[in-house]
Amino acid sequence: MDNRIFINIASYRDQELWQTVESAITQAEDASRLHIAICWQDDNDLNHLVAAGWTPIAVSTINGFPVYQLRGSAAQVELIALPYQQAQGVGFARALCDRRYQQEQWFLQIDAHCLFGERWDSRLIDALTALRQESRKPLLSSYPPSYHYGEQGKIIYAEQANRISFNAFTAEGLPTLTSRGCSRSTPERGSFMAAGFIFTQGTFVTEVGNDPTIFFEGEEITLSLRAFTWGYDIYHLPTPFLWHHYIRDKSPKIWHDHNLSAQEAGEVPLAWIQRELHSQHHIKALLGLPTDYQRKKEARPLGPLRTRRQFEHQCGLNFQLASCYADCLPPHSLSYFAAPANDTAWCDAHRIHHIKPIAIFPLIGEALPDELYIHCYGHNTPRLAQYRYSPSQLTALAGKIEVTCWSTPNRPPVLLRIASWSVKEGWGIIIEWPWSENDGPYCLL
């Protein structure tokens with residue numbers, strides 16, 4: 001094996017790109033084994049490169065965009081010059097870089113605003129090689145700790161290494177991820193990966209690769225799923241190897257440049273929101289959610305070695321229910337679970353049963369309505385339960401009712417609504433009662 005590292009960097013008008021490239025090269029133990037492919041979505045003024053000490057040599061094209069070899073270091077550096085007005089999202093940019101892969105033994109993917117620790121190349125290789133005692137295809141990933149600029153431009157580095165856990169489901173039912181501090185001194189098994197730091201074997205590029213149809217949101221959950229179905233096992237390291245600049249308020253963003261006004265003016269072919277909406281349909285299809293999406297030929301499918309359901313078992317999520325295991329939530333925020341005994345046990349883990357006794361008569365008085373309705377709601381969810389009682393039923397129960405329902409662990413019941421109905425007068429008393437035992441009912445009407 002050649003021990004070379006293929007590095008994928010997608011850059012969108014990033015002022016820190018060349019600092020990142022310089023850091024990767026100067027902090028490596030052996031810069032000559034680095035092959036850096038950059039998708040340079042910018043104004044493509046080559047004078048900027050010359051001023052930075054590079055000599056660009058045109059060598060080929062990809063999708064009609066010129067590819068330059070940049071001479072000026074021991075590393076092999078290639079630049080795909082893509083005018084930022086023609087950018088199509090993060091997946092498209094990363095996928096273009098993938099096409100410069102030359103069968104290198106190792107693969108590293110980062111964002112264009114990162115700084116490296118000393119001997120990062122040898123240390124990452126050693127860490128990944130050690131994990132091969134546990135996994136055929138180990139993969140290192142996390143949200144790197146941050147760096148930021150303090151007074152007089154001094155760079156301040158965070159020290160805490162991170163792991164990745166589930167955050168929440170969007171209104172569309174798509175899972176989002178977040179960062180938690182590592183608490184172990186050894187690599188921790190996980191289920192989710194960050195697109196801004198991936199280190200694994202080079203075959204990842206040809207097996208999993210980056211999906212050119214992904215615009216932005218959903219990139220990491222689908223990348224995690226597809227890597228899993230190709231047999232990759234994700235680990236989070238307790239020691240930082242690189243740092244990421246997260247707060248970049250003044251940096252240009254594609255959703256600012258590619259807005260509807262720019263599209264109407266003919267400056268960009270599509271507004272970013274249109275690309276994002278197309279992307280969301282593909283993400284739903286990968287997660288097995290309902291969509292009328294027709295898969296594009298270039299879109300990346302799931303792998304053949306493991307299934308989506310096995311991924312859900314491992315990470316604790318249920319995509320169809322937009323649910324997670326209780327231990328996916330704080331304070332534990334776990335992201336790796338042993339396989340359930342069977343599918344029934346897995347489904348049961350996504351159902352939390354609730355019960356709340358209600359004494360109705362003190363709430364609505366002695367005069368019974370023709371019908372009494374009780375609805376139970378979760379947070380931002382449809383009804384969890386609905387009850388309807390006649391006067392005879394209320395009398396038989398002596399006005400003592402038990403509201404029972406089930407919810408997913410991440411969306412427990414939050415509110416009861418009690419409404420009385422009279423044939424002659426219509427709606428009468430309407431009471432809302434927070435599910436919490438600490439809050440009493442209050443009357444709306």
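Within the structure, the salt bridge (Lys or Arg N to Asp or Glu O under 4.0 Å) test picks out the following pairs touching residues 309-328 (sequence neighbours left out): Arg309-Glu312, Arg309-Asp343. The stretch residues 135-145 participates, sequence neighbours left out, in these salt bridge (Lys or Arg N to Asp or Glu O under 4.0 Å) pairs: Lys137-Glu207. Judged as a salt bridge (Lys or Arg N to Asp or Glu O under 4.0 Å), the pairs with a partner in residues 387-406 (not counting sequence neighbours) are, in order, Glu371-Arg388.
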Name each donor-acceptor pair under 3.5 Å that joins a side chain in residues 180-194 to protein atoms two or more places apart or in another chain, with its distance.
{"residue": "Arg180", "atom": "NE", "partner": "Ser165", "partner atom": "OG", "Å": "3.3"}
{"residue": "Arg180", "atom": "NE", "partner": "Ser333", "partner atom": "OG", "Å": "3.3"}
{"residue": "Arg189", "atom": "NH1", "partner": "Tyr336", "partner atom": "OH", "Å": "3.2"}
{"residue": "Arg189", "atom": "NH2", "partner": "Asp233", "partner atom": "OD1", "Å": "2.7"}
{"residue": "Ser191", "atom": "OG", "partner": "Gln314", "partner atom": "NE2", "Å": "3.0"}
{"residue": "Ser191", "atom": "OG", "partner": "Ser335", "partner atom": "O", "Å": "2.6"}

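For Tyr325, there are no side-chain hydrogen bond (donor to acceptor under 3.5 Å, both in side chains) partners, not counting sequence neighbours. Shown here are the side chain to side chain contact (heavy atoms under 4.5 Å, CB included) partners of Ala93, two or more places apart in sequence or in another chain: Ala10, Cys39, Gln41. Partners of Thr404 by side-chain hydrogen bond (donor to acceptor under 3.5 Å, both in side chains), not counting sequence neighbours, listed by chain and number: Tyr387. Every residue two or more places apart in sequence or in another chain was checked for a side-chain hydrogen bond (donor to acceptor under 3.5 Å, both in side chains) with Thr222, and none qualifies. In this structure Glu172 satisfies the side-chain hydrogen bond (donor to acceptor under 3.5 Å, both in side chains) test together with Lys284, sequence neighbours excluded. Under the salt bridge (Lys or Arg N to Asp or Glu O under 4.0 Å) criterion, Arg132 pairs with no residue, sequence neighbours left out. Under the salt bridge (Lys or Arg N to Asp or Glu O under 4.0 Å) criterion, Arg119 pairs with Glu29, not counting sequence neighbours. Legend: residues meeting ring-ring contact (aromatic ring centres under 6.0 Å, His included) with Trp230, ordered by chain and number and at least two apart, are absent.
Aromatic ring pairs are classed by plane angle as parallel below 30°, tilted from 30° to 60° and perpendicular above 60°; the pair His245 and Tyr149 is perpendicular. By the 30° and 60° cut-offs, the orientation of the rings of Trp106 relative to Phe199 is parallel. Between His350 and Trp346, the two ring planes are perpendicular [angle over 60°; tilted spans 30° to 60°]. In this structure, Phe169 and Phe166 have tilted ring planes: the angle between them lies in the 30° to 60° band.
Between Arg94 and Asp211 there is no salt bridge, since none of the side-chain N atoms of the basic residue sits less than 4.0 Å from a carboxylate O of the acidic one. Ion pair Arg248/Asp14 flagged as a salt bridge, since at least one NZ, NE, NH1 or NH2 atom sits closer than 4.0 Å to an Asp/Glu carboxylate oxygen.
Using modelled atom types and a 3.5 Å distance limit, the side chains of Tyr84 and Asn44 yield no donor-acceptor pair. Judged by distance alone, the side chains of His281 and Thr291 do bring a donor and an acceptor atom under 3.5 Å apart. Remark: the His258 side chain and the Gln263 side chain contain no N/O donor-acceptor pair separated by less than 3.5 Å. For the residue pair Asn318/Ser323, the side-chain donor-acceptor check at 3.5 Å is not satisfied. Defined by atom type and a distance below 3.5 Å, a donor-acceptor pair is present between the side-chain atoms of Arg99 and Asn63.
Between Ile364 and Pro369 the shortest heavy-atom distance is CD1-CD, 3.8 Å. Across Gly218 and Ile283, no two heavy atoms sit closer than the pair CA-CD1, 3.6 Å.
Annotation: cation-pi geometry not satisfied between Lys253 and Trp272 (NZ/CZ under 6.0 angstrom from ring centroid, within 45° of ring axis).
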